[in-house]
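Following: one structure in structure tokens, then a few remarks.
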Amino acid sequence: MRLAGPESSVTAPRARKYKCGLPQPCPEEHLAFRMVSGAANVIGPKICLEDKMLMSSVKDNVGRGLNIALVNGVSGELIEARAFDMWAGDVNDLLKFIRPLHEGTLVFVASYDDPATKMNEETRKLFGELGSRNAKELAFRDSWVFVGAKGVQNKSPFEQHVKNSKHTNKYEGWPEALVMEGCIPRRSTAS
């Protein structure tokens, strides 16, 4: 008979991971998500929904500025994902993308590098109507992640914002990357 000593201790079971790496499963009729903003101008953002990577550097569909995935709030299916360069791009491309949204469309936004230089009042107002508290004050090189929806009645609980500040920046010239995860209630078809 062999006794187990400290050097052969049983390894603890690994923590179970759920959809998108969440530490616990989402309730019925909820969509699991995890988002990470870009880190400086080096590591691109990621948007995961229901264990599907919607946007990432690996998928090669992210870019400097705002990375936005539009999702059907009932089915959870991706409608479209695009990156909008808010440093050198045309804000009208972003406006054409978010103006015509249908009621119940979920909007996932992850910043990368600079989310705000080209933002104008209309852009900030539209994000506010989607439930953002922080869009009105976004500035050069801030980090921002946000999930909103067309037709929301209140401000979204899914938003994080870190100001670009030379006193608190984690990277030289850029604030830390933001990670946000959670469970979003599916929209009912009877909206």
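Atom CG of residue Leu138 and atom OG of residue Ser111 lie 8.0 Å apart, to the nearest 0.5 angstrom. Here CZ of Phe33 is found 9.0 Å from CG of Leu49. Values are rounded to the nearest 0.5 Å. Separation of atoms CG (Leu95) and CE (Met119) is listed at 9.5 Å; rounding is to 0.5 Å. The CE atom of Met55 sits 10.0 Å away from atom CE of Met35, with the distance rounded to the nearest 0.5 Å. To the nearest 0.5 Å, atoms CD1 (Ile79) and CG (Leu106) are separated by 8.0 Å. Rounding to the nearest 0.5 Å places CZ of Arg34 at 7.5 Å from NZ of Lys46.
Looking only at distances, no side-chain donor or acceptor of Glu80 sits under 3.5 Å from a matching main-chain atom of Leu78. Looking at Glu50, its side chain does come within 3.5 Å of a backbone N or O of Ala32 through a donor-acceptor pair. Panel note: side chain Asn72, backbone Glu77; no donor-acceptor pair is recorded below 3.5 Å. Judged by distance alone, with hydrogens and angles left aside, the side-chain atoms of Ser143 form no donor-acceptor pair with the main-chain N or O of Leu178 at under 3.5 Å. Within the 3.5 Å criterion, the main-chain N or O of Ala110 finds a donor-acceptor partner in the side chain of Asn67. Remark: side-chain polar atoms of Glu159 are paired, donor with acceptor, to backbone N or O of Asn134 under 3.5 angstrom. With hydrogens and angles ignored, the 3.5 Å screen pairs a side-chain donor or acceptor of Arg186 with a backbone N or O of Val74. Judged purely by atom type and a 3.5 angstrom limit, Asp60 has no side-chain atom pairing as donor or acceptor with the backbone of Ser57.
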Derivation of the side chain to side chain contact (heavy atoms under 4.5 Å, CB included) call for Leu22 and Lys17 = CA-CA 6 Å; Leu22 267 61; Lys17 292 290 184 183; over 6 Å; no

Open item on the list: Is there a side chain to side chain contact (heavy atoms under 4.5 Å, CB included) between Arg82 and Ile68? Walk through the geometry before answering.
Closed with: CA-CA 6 Å; Arg82 288 191 44 202; Ile68 303 176; 5.9 Å; no

Review point. Does the side chain to side chain contact (heavy atoms under 4.5 Å, CB included) test come out yes or no for Lys59 and Met53, once each step is laid out?
Key: CA-CA 8 Å; Lys59 288 184 70 86; Met53 194 58 71; 4.2 Å; yes

Handout entry: ring pair (Phe, Tyr, Trp, His ring centres under 6.0 Å) evaluation trace for Phe158 with Phe108
Key = CA-CA 10 Å; Phe158 302 113; Phe108 293 79; 8.8 Å; no

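Listed by first and then second residue, the salt bridge (charged side-chain N to carboxylate O under 4.0 Å, His left out) pairs involving residues 61-70 are Arg64-Asp85 (not counting sequence neighbours). A salt bridge (charged side-chain N to carboxylate O under 4.0 Å, His left out) check over residues 119-131, counting only residues at least two apart or in different chains, returns the pairs Arg99-Glu122, Lys125-Glu129.
Nearest heavy-atom pair, Ser156 versus Phe146, reported as atom, atom and distance to 0.1 Å: CB-CE1, 3.8 Å. Nearest approach of Lys155 to Ser132, heavy atoms of both residues: NZ-O, 3.3 Å. The minimum heavy-atom distance between Gly63 and Ala83, with the atom names listed, is N-CB, 3.5 Å. Contact detail for Phe140 and Ala116: the closest heavy-atom pair is N-CB, 4.2 Å. Nearest heavy-atom pair, Pro115 versus Asp113, reported as atom, atom and distance to 0.1 Å: CD-O, 3.9 Å. Scanning all heavy atoms of the two residues, the minimum distance from Lys96 to Pro100 falls at O-CD, 3.2 Å.
Under the 4.5 Å side-chain heavy-atom criterion for Ile, Leu, Val, Met, Phe, Trp and Tyr, Val109 and Met180 are members of distinct hydrophobic clusters. Connection of Leu126 to Val71 is not established within any shared hydrophobic cluster, with ILVMFWY side chains joined at heavy-atom distances below 4.5 Å, either directly or through further cluster members. Cluster annotation: Leu94 is connected to Leu101 through the hydrophobic network of ILVMFWY side chains, with a link wherever side-chain heavy atoms come within less than 4.5 Å. Follow the hydrophobic side-chain contacts under 4.5 Å out from Leu31 and you reach Leu54 in the same cluster. A continuous path of Ile, Leu, Val, Met, Phe, Trp and Tyr side chains, each step under 4.5 Å between heavy atoms, connects Met86 with Ile98, placing both in one hydrophobic cluster.
Looking at Leu70 and Val107, their side chains come closer than 4.5 Å, going by heavy atoms from C-beta outward.
Between Trp144 and Phe127, the ring planes are perpendicular. Angles over 60° get that label, and only those under 30° would be called parallel.
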